[in-house]
Amino acid sequence: MGFVETLRWRGMIQDIMPGTEELLKKEKVAAYVGIDPTADSLHIGHLVSIMLLKHLQLHGHKPLIVMGGATSMIGDPSFKSDERKLLTRETIEYNSSCIKKQFSLFLDFDSSDNAAELLNNYDWTKDYTFLNFIRDIGKHISVNYMMAKDSVKKRLETGISFTEFSYQLLQAFDYLHLYQHKNCRLQMGGSDQWGNITTGTELIRRVCGGEAYALTCPLITKSDGGKFGKTESGNIWLDSQKTSAYAFYQFWLNCSDEDAKKFIRIFTLLPQEEIIQLEKEHEQAPHLRILQKTIATELTICVHSLNTYNKVLEATEILFGKSTADALANLSEEMFLSVFEGVPTFNVARSAIENTINIVDLLVEKANVFSSKGELRRLIKEGGLFVNKNKVLEEILVNQDYLLNNKYILIQKGKKNYYVIIVS
RNA sequence: GGGGGGAUACCAGAGUGGUCAAAUGGGGCAGACUGUAAAUCUGUUGGCGAAGCCUUCGGAGGUUCGAAUCCUCCUCCCCCCA
């Protein structure tokens with residue numbers, strides 16, 4: 001199956017420029033996606049772009065990643081309603097270096113004939129003077145053309161700075177540069193990038209009469225309309241410092257059936273037959289959540305490692321399995337810590353619980369697990385609070401007998417939210 | 001420059017002198033059901049406490065026994081006319 005065909009089957013194509021498929025079948029080319037280094041880690045919203053490049057490389061083409069060292073100094077206005085905040089050079093540089101490492105989890109940077117390559121558009125824009133740029137590049141694209149893009153329309157009503165308006169030209173220039181220097185013939189990205197990408201192909205056509213292509217993937221949405229990749233606590237990051245491996249695994253495990261069917265094709269590399277087989281199995285026994293588990297497993301191993309995955313599984317087993325309060329009490333300290341790695345912790349002085357303390361005072365005043373006593377009392381009334389896996393139905397008094405390993409108290413809000421109190 | 005409308009809890013949006021900690025919907029949280037799903041249903045959603053009290057309706061003052069509600073000024077937003 002060809003590259004484009006593969007993507008089509010996986011539901012990863014929103015728009016594709018005519019001729020793209022033929023070109024990729026005929027010859028090996030380089031293709032790129034741009035990444036804005038706006039944070040020091042990638043999050044799962046970036047994953048689609050990464051997978052596009054992964055498939056590309058698997059089909060023998062050369063993946064290029066372009067860090068928006070220059071463009072992220074400007075800010076992409078596409079479909080945004082507000083002016084972007086400008087980042088400093090130092091931040092961008094630091095972020096780029098962090099992101100670079102994460103890419104090597106997915107792409108092969110060492111292969112002999114189509115190694116992935118990471119570039120920074122700052123390198124080819126930093127010495128380009130303003131005069132030269134508007135003379136060499138700006139001359140080829142009309143403002144009328146730029147304003148006609150859907151991506152900037154929203155901002156034309158409310159106002160857009162010249163800085164942000166010029167963004168698409170800058171991105172188009174990237175494409176031109178890569179076309180000329182890297183034999184790059186294809187740019188990919190999320191569907192919101194279509195406007196920027198086509199400005200690039202247009203520029204290439206006008207400057208050197210070249211044919212360059214565009215391919216975008218659909219914006220990932222959740223079946224309930226919520227924003228993909230966001231939870232109450234924010235983004236799901238690839239960096240385990242920001243999102244623990246446990247939380248990462250849980251995120252995928254908790255996908256709805258409907259989303260899982262979509263995600264398994266997009267976010268795993270499993271072959272077509274296997275996915276179809278898994279879908280069948282899932283259909284027959286949905287409660288086993290085979291799809292969710294497969295996605296979670298594949299991604300956790302890829303992003304975090306097999307070893308971490310095994311720990312996460314263990315933790316999951318203890319937190320959601322049949323394990324009881326007894327099992328919890330019998331955990332070794334080492335095991336306990338590994339299970340609850342990534343769970344929010346709160347430190348409390350030992351003196352606080354030496355002479356018994358009301359659970360409400362402990363969790364609101366001593367440890368800031370809950371922000372108000374009313375909230376916690378409500379939770380208790382509703383039967384949603386657990387201490388060391390035991391349901392708490394009234395305002396109990398806590399003392400040293402509650403300590404696990406003479407050091408920890410496990411607090412649970414509802415079924416899924418855990419907090420660890422460390423007494424020191 | 002003239003005229004009009006508006007700003008209410010996370011969001012949307014009722015409320016136009018006391019019965020308003022403020023309808024309703026969405027969202028959030030929890031419970032039930034289940035499969036750590038979806039859908040559904042229930043409860044809850046300012047703070048502290050047992051009753052009750054305290055701080056909230058853009059900001060600052062004022063009228064009143066009593067103001068989200070009336071008056072004055074200020075800030076911001078929208079619309080119409082010039």
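Every value quoted in this text rests on a predicted model; they were computed, and no experiment measured them.
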- Task: Measure from the ring center of A/Trp237 to the ring center of A/Phe248 and say whether it is less than 6.0 Å.
- Result: no
- Do any side-chain nitrogens or oxygens of A/Arg378 fall under 4.0 Å of OP1 or OP2 in B/G43? no
- Query: Would you say the ring centroid of A/Phe103 lies under 6.0 angstrom from that of A/Phe109?
  - Reply: no
- Message: By nearest atom, which of the nucleotides B/A30, B/G35, B/A37 is closest to the A/Lys416 side chain?
- Response: B/A37
- Closest to side chain of A/Lys373, choosing from B/C48, B/U44, B/U36: B/C48
- Note on the structure: Winner on side-chain proximity to A/Asp257, out of B/A32, B/C29, B/G35, is B/G35
- Distance check: side-chain N/O of A/Asn417 vs OP1/OP2 of B/A30, anything under 4.0 Å? yes
- Message: Tell me whether the side-chain N/O atoms of A/Ser372 come closer than 4.0 Å to OP1 or OP2 in B/C48.
- Response: yes
- Query: Mapping A/Asn254 and A/Leu379 to their closest nucleotides on RNA chain B, which lands nearer the 5' end?
  - Reply: A/Leu379
- Query: Counting just side-chain N and O atoms, does A/Lys415 come under 4.0 Å of either OP1 or OP2 of B/A32?
  - Reply: yes
- Message: Let me confirm one number: the CE-CG distance from A/Met12 to A/Leu215, rounded to the nearest 0.5 Å.
- Response: 9.5 Å
- Task: May I ask you to check whether A/Phe340 and A/Tyr408 place their ring centers less than 6.0 Å from one another?
- Result: no
